[in-house]
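Heads up: the structure comes next, in structure tokens.
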2 protein chains.
Amino acid sequence: MSFGCRSSRAGTRTTLPDPTKVAPVTVPTNPRAVTRADVARYAGVSTSVVSYVVHDGPRPVAPATAARVREAIRVLGYRPNASAQALRTGSSKMLGLIVPELDNPFWSELAVAVTHAAAARGYDVLLANSDGDAAQERERLRSLSARQVDGVIVTSIMTHPDLSTVTDPGLPMVLLNTFFEVPEYASIGVDALRGALDGTRHLVEHGYGSIGLVMGHTGSMELREQGWMRALREAGLPDGPIVRTAFTRRGGYEAGLRMFADDTGPRAVFVSSDMQAIGVMRALWELGLRVPEDVAIVSFDGAAEADYTNPQLTTVRQPIETMAVAAVDRVLGLDADNQWHRDLVPAELVLGASCGCDVRR
Amino acid sequence: MSFGCRSSRAGTRTTLPDPTKVAPVTVPTNPRAVTRADVARYAGVSTSVVSYVVHDGPRPVAPATAARVREAIRVLGYRPNASAQALRTGSSKMLGLIVPELDNPFWSELAVAVTHAAAARGYDVLLANSDGDAAQERERLRSLSARQVDGVIVTSIMTHPDLSTVTDPGLPMVLLNTFFEVPEYASIGVDALRGALDGTRHLVEHGYGSIGLVMGHTGSMELREQGWMRALREAGLPDGPIVRTAFTRRGGYEAGLRMFADDTGPRAVFVSSDMQAIGVMRALWELGLRVPEDVAIVSFDGAAEADYTNPQLTTVRQPIETMAVAAVDRVLGLDADNQWHRDLVPAELVLGASCGCDVRR
DNA sequence: CTGAAAGCGCTTACAG
DNA sequence: CTGAAAGCGCTTACAG
């Protein structure tokens, strides 16, 4: 077994040689990883047989031979080179996932759920962060495609993602967390209209007469907004004030300051994400207003963080695990009978104390 | 250009044929991705020249030729196959990152920082979640190694990670967020002893006479614990109560209930992570105790979430970006002059209101 | 300045 | 049941 250093791979020095110093005598060379050929040699078989044993097929192998090979694999610590496998088979067994901001709890929880769902199908996830930027989203998608992922799950920030120019035509792609229909793409998302309707209705049932809306920036008349509005209309309530802001804690904070700065603010508010609601609660805290005594809140997402606000947030929970499994199965083509272009999964209102109930989760 | 379907790659049907249905006539075949050979043909050059243009070397190319190749690349939408590149060059331009729980804000913020630091060096990050489990940590490491990452950054939950049996001997590995010295590995972490000392001293300066500790489960006598204790000793204060618990919001909640259930609880508490502190605050809320009027809190980490608790947490902030850059440069061997086995980066006390100050961030 | 050729590690149809 | 051989897409030393 030759572990010699190959000139084309030897660690090249990036620093210029310093004439005042003695040139280094030893160049650190990484020992080559164990390959299938090493295993074959050790076990005294051909490389084909090693593959047959590793994959338990497609040709049968005599038990004694297989045992020798397995022993060799164990002793040498052999792991098949995934790059070579991907090149040969055309499948990397990796799924790409693009999220806008991994450091937003909702997205990181979704990323974990997708990772678990993919692992259950034997896939690793190559995670890419678009930083909420459309150009970066395209660039990341390009990179995932070059890395030979077998499919991509995109949680796009674009209302009408135009991604066709970026990917290979044959690369399966699914839009996750997308409430609306996008031509040419399968999309999976929560039933946001119904969720917002349920959440706002709950505030109506508490008897609040004025219910505002803190809404994240979205391209179109958003479904959460429609749900909020429909609940008000059906109750015969006037439209409450609307503040539009970023989908972040800070965005919610700024919206809260604006909405409740003077005493004309509404008695209750529906907020389009938990992160924003947390910002609203901080604003109310600074303004000396109590939740829910002065202002009641219902929000949207059901992030873990919403369990630990004081008081606990009443929130419309997105079934993240369900969505993740659906996205993975969809992108892998495992639900071939599913003809739907768009999957809507139901959201569930989870009661806390911010709405005026006093439920403890 | 032949886009024919190759039998060994055609999408095989996983469902058994249903005799009651007509067999499908068309099998969906993924159009083959564009390769370097397609570009060469289109531009009328050899495949070598395509590479020379893509990499701007190592051989010179006539400007007119290069222009033709670039045009071909653009028209065909060519992207080099990363698996083939990795196989050929021995470098995947990917770094592996193992975190215990990606859905814990501290880890997701660290993951984002590492991703950015790696991107600045031209590397993608293959992110792996160990779910806080040692066996999974080893399994994920094995997988990363098989996927030919050029290095691994591990935020291990093991006190004494024994990882040598899992990775290729030549795979560079760095332990991140590790405060203590680990034989044979480079480790990078915050100066936790000093950070805890500063945080606890701050509580001492506020004049609190009894200062408890909520400490996450760690293998040994932890540096945060040592810092807390040293601050008490040097102030001549008695050791406050210690509750040990998980590094989670729930862990903090349970610890808070235990520490403050009766009125013998301390007047102030140093908490080993922001997530735990958030749990403690919830426990105090339920017990009807106010922060900081009844109990003052200083915690550790400096997660974004700590900015939005009510009141805002005073916390010892880990310089996540600095740590991420150091880890990436270390694992890539970019700081060859650095002889240190262990890098300690300084933490900074960030004042909020939970300690009794009234600073607004 | 350009191209033909070798080889990275793997899988699998084919031949024995 | 086993092995020799082709080829996935790429990079680069070598030859022209």
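Throughout, a chain's letter reflects where its sequence line sits, starting with A, and its residues are numbered from 1.
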Note to self: Looking at A:E71 and A:R74, is there a salt bridge between them, counting it only when a charged N and a carboxylate O are closer than 4.0 Å?
What the structure shows: yes
Next item on the list: Determine, stepwise, if the pair A:R140 / B:D124 fulfils salt bridge (charged side-chain N to carboxylate O under 4.0 Å, His left out).
Entry: CA-CA 10 Å; A:R140 301 312 302 148; B:D124 281 344; 3.1 Å; yes
Tell me which donor-acceptor pairs under 3.5 Å the side chains of residues 47-57 of chain B have, and how far apart each pair is, sequence neighbours excluded?
none

Margin query: Between the base of D:dG3 and the side chain of A:Y52, is there a donor and acceptor pair under 3.5 angstrom?
Written below: yes
Checklist line | Nucleotide D:dT11, atom P - distance to CG of B:D56 in whole Å | finding: 13 Å
Notebook entry, point to check: Contact class for A:P80 (heavy atom, under 4.0 Å): base, sugar-phosphate, or nothing?
Noted result: sugar-phosphate
Check: Nearest to the side chain of A:V49, which nucleotide is it out of D:dG9, C:dG9, D:dT2?
Finding: D:dT2
Margin query: If the cut-off is 4.0 Å, is A:R36 near the phosphate of C:dC10, judged by side-chain N/O to OP1 or OP2?
Written below: yes
Margin query: The criterion is side chain to side chain contact (heavy atoms under 4.5 Å, CB included); which residues satisfy it with B:A117, sequence neighbours excluded?
Written below: B:A324, B:V325, B:V328
Next item on the list: Return the value, rounded to whole Å, for the distance between atom CZ of B:R68 and atom P of C:dT2.
Entry: 8 Å
Next item on the list: Please state the P separation for the pair D:dA6 and D:dT2 - nearest whole angstrom.
Entry: 23 Å
Next item on the list: On DNA chain D, check which nucleotide each of A:P60 and A:T47 is closest to and give me the residue with the more 5' one.
Entry: A:P60
Note to self: Can you work out whether A:T65 or B:A84 has the more 5'-proximal nearest nucleotide on DNA chain D?
What the structure shows: A:T65
Next item on the list: For B:R41 and D:dG9, give me the distance from atom CZ to atom C1', rounded to whole Å.
Entry: 13 Å
Check: To the nearest Å, how far apart are B:H55 NE2 and D:dT12 P?
Finding: 7 Å
Next item on the list: Return the 5'-most residue of the pair A:V50, A:R59 with respect to DNA chain C, ranking by each residue's nearest nucleotide.
Entry: A:V50
Next item on the list: Whenever both distances are under 3.5 Å in a Watson-Crick or G-U wobble pair, mark it; put DNA chain D into dot-bracket that way, with [ ] for crossing pairs and | when the partner is on another strand.
Entry: |||.||||||||.|||
Next item on the list: Considering just the side-chain nitrogens and oxygens of B:Q85, establish if one lies under 4.0 Å of OP1 or OP2 belonging to D:dT11.
Entry: yes
Next item on the list: For D:dT12 and D:dG16, measure between their C1' atoms and round to the nearest Å.
Entry: 16 Å
Next item on the list: Determine the Euclidean distance between corresponding P atoms of C:dC10 and C:dC14; express it in Å to zero decimal places.
Entry: 23 Å
Note to self: Can you say whether a donor on the side chain of B:S48 sits under 3.5 Å from an acceptor on the base of C:dA4, or the other way round?
What the structure shows: yes
Next item on the list: Please test B:S91 against B:D150 for side-chain hydrogen bond (donor to acceptor under 3.5 Å, both in side chains), starting from the C-alpha separation and ending with a verdict.
Entry: CA-CA 6 Å; B:S91 163; B:D150 293 344; 2.6 Å; yes
Check: CG/A:L176 to CE/A:M323 distance, rounded to the nearest 0.5 angstrom?
Finding: 4.5 Å
